[in-house]
Enquirer: 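Supplied in structure tokens, the structure appears directly below.
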Amino acid sequence: MIIFSAFLILALFISPALSFAGETQELFRNFHTHTSYQNVLVERVISADTIVLEGGPKIKLIGLKAPPAPRRPRVEYDKNGLPIEAPGLPENTFEEKAYAFANKLFVGKRVRLEFDDSKSDDTFMTMAYVFLIEDGVMANTEILRYGYADLQIQPPNFKYEEKLREAYQEARREKRGLHNE
């Protein structure tokens with residue numbers, strides 16, 4: 001009788017824990033297909049190929065490799081408190097142009113994410129194709145089309161390979177962005 005009572009008490013404690021673990025596993029399995037990714041706000045841009053969604057998730061755009069966000073040199077000031085401009089620096093670097101393009105494309109806009117076979121890269125960052133809600137444009141191809149990133153097709157993500165290649169080739173043909181040289 002004591003053993004049966006102990007078993008019954010143990011079952012009462014373990015059952016909710018197992019149920020919670022099952023629910024957690026189900027949420028994890030459905031993380032990348034959850035309906036919350038059908039209409040989500042972009043809060044900020046990290047670089048032309050990486051965005052931050054409302055609530056904090058970072059998304060790496062599939063199929064492209066953009067330059068890192070620009071880093072401004074430390075500003076020095078004269079005795080009157082006015083900034084001293086560094087001689088010989090270009091007004092807008094390529095990194096700044098790519099970053100500005102991505103900001104205009106994404107920030108404050110609603111997007112829909114679509115995933116491919118591999119949902120994360122080797123650093124465990126979530127990867128997706130990003131579509132603008134307002135006009136349905138795939139942002140991945142737009143960044144390539146204007147020459148603000150290199151094409152980077154990585155197996156097993158081939159869903160939109162042809163569209164990505166076409167956009168990249170158009171930028172090269174029209175000498176846009178990084179192909180302007």
Side-chain angles (χ1 to χ4, degrees), residues 23-71 90 92-181:
E23 289 171 11
T24 303
Q25 287 175 347
E26 185 63 25
L27 284 173
F28 183 74
R29 271 194 298 275
N30 293 330
F31 172 73
H32 296 289
T33 57
H34 195 273
T35 57
S36 66
Y37 288 109
Q38 297 306 306
N39 186 354
V40 64
L41 183 69
V42 176
E43 284 187 353
R44 67 184 175 96
V45 169
I46 293 175
S47 67
D49 64 1
T50 308
I51 59 175
V52 178
L53 302 177
E54 183 176 37
K58 291 180 190 174
I59 304 296
K60 167 87 172 68
L61 278 70
I62 296 174
L64 52 120
K65 177 69 176 150
R71 297 201 184 264
N92 284 322
T93 64
F94 178 74
E95 290 83 4
E96 289 171 324
K97 290 177 185 176
Y99 184 74
F101 180 82
N103 267 298
K104 185 176 179 181
L105 186 65
F106 288 117
V107 175
K109 306 263 179 75
R110 294 210 159 271
V111 297
R112 173 180 64 84
L113 303 185
E114 193 172 316
F115 302 94
D116 210 332
D117 287 341
S118 180
K119 293 175 182 68
S120 62
D121 64 9
D122 53 354
T123 64
F124 303 105
M125 185 174 289
T126 302
M127 298 186 312
Y129 301 103
V130 180
F131 295 86
L132 300 171
I133 294 292
E134 66 186 13
D135 56 12
V137 168
M138 182 195 295
N140 308 53
T141 57
E142 285 303 288
I143 292 168
L144 287 168
R145 179 171 286 110
Y146 285 92
Y148 290 117
D150 279 316
L151 181 66
Q152 186 178 43
I153 304 294
Q154 292 183 308
N157 292 338
F158 296 115
K159 186 186 278 186
Y160 293 109
E161 177 184 9
E162 193 57 38
K163 284 184 175 189
L164 295 168
R165 286 188 189 284
E166 287 172 10
Y168 180 75
Q169 289 167 354
E170 180 182 327
R172 288 186 61 151
R173 198 173 42 253
E174 300 296 325
K175 298 186 184 327
R176 292 186 195 133
L178 61 92
H179 310 290
N180 194 13
E181 299 171 2

Enquirer: Closest heavy-atom contact between T141 and M138?
Expert: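 Closest approach of T141 to M138: OG1-O, 2.8 Å.
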Enquirer: Hey, is the main chain of D117 close enough, under 3.5 Å, to the side chain of N157 for a donor-acceptor pair?
Expert: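 Confirmed, N157 side chain pairs with D117 backbone.
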Enquirer: Please enumerate all residues that pass side-chain contact (heavy atoms from CB on, under 4.5 Å) together with R172, with sequence neighbours excluded.
Expert: Y168, H179
Enquirer: Which side-chain N or O atoms in residues 144-155 pair as donor and acceptor under 3.5 Å with protein atoms at least two apart or in another chain?
Expert:
residue : atom : partner : partner atom : Å
R145    : NE   : E170    : OE1          : 3.1
R145    : NH1  : E142    : OE2          : 2.6

Enquirer: Over all heavy atoms of both residues, which pair between F131 and G136 is shortest? Give the atoms and the distance, please.
Expert: CD2-O, 3.6 Å
Enquirer: Do F94 and N180 pass the side-chain contact (heavy atoms from CB on, under 4.5 Å) test, and can you show the C-alpha distance, the side-chain angles, and the key distance before you say yes or no?
Expert: CA-CA 10 Å; F94 178 74; N180 194 13; over 6 Å; no
Enquirer: Can you measure from CG (L41) to CZ (F106) and round to the nearest 0.5 angstrom?
Expert: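 The distance works out to 12.5 Å.
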Enquirer: Could you state the interatomic distance from CD (E114) to CG (N140), rounded to the nearest 0.5 Å?
Expert: 10.0 Å
Enquirer: Which atoms form the tightest heavy-atom contact between I133 and Q38, and what is the distance?
Expert: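 Taking every non-hydrogen atom into account, CD1-O, 3.3 Å.
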Enquirer: Please determine whether the number of non-hydrogen atoms from other residues, nucleotides or ligands lying under 6.0 Å from atom NZ of K159 exceeds 12.
Expert: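 More than 12 heavy atoms, drawn from other residues, nucleotides or ligands, come within 6.0 Å of this atom.
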Enquirer: When you compare the side chain of Y160 with that of I62, does any pair of heavy atoms fall below 4.5 Å?
Expert: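 In short, these two side chains do not touch, never coming nearer than 4.5 Å.
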Enquirer: In Å and rounded to the nearest 0.5 Å, what is the OG to CE distance from S120 to M125?
Expert: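 CE of M125 is found 10.5 Å from OG of S120.
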Enquirer: Could you pull out the closest heavy-atom pair between Y129 and D116, with the gap in Å?
Expert: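 Closest pair (atom of Y129, atom of D116, distance): OH-OD2, 2.6 Å.
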Enquirer: Would you call L105 and L132 a side-chain contact if the rule is heavy atoms closer than 4.5 Å?
Expert: yes
Enquirer: Counting only heavy atoms not in K109, do more than 12 sit closer than 6.0 Å to its NZ atom?
Expert: yes
Enquirer: When rounded to the nearest 0.5 angstrom, what distance separates NZ in K163 from CD in E166?
Expert: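 The NZ atom of K163 sits 8.5 Å away from the CD atom of E166.
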Enquirer: For residues 48-61, dump all side-chain donor-acceptor pairs below 3.5 Å to protein atoms at least two apart in sequence or in another chain.
Expert:
residue : atom : partner : partner atom : Å
D49     : OD1  : S47     : OG           : 2.6
D49     : OD2  : K60     : NZ           : 3.3
D49     : OD2  : A66     : N            : 3.0
K60     : NZ   : L64     : O            : 2.8

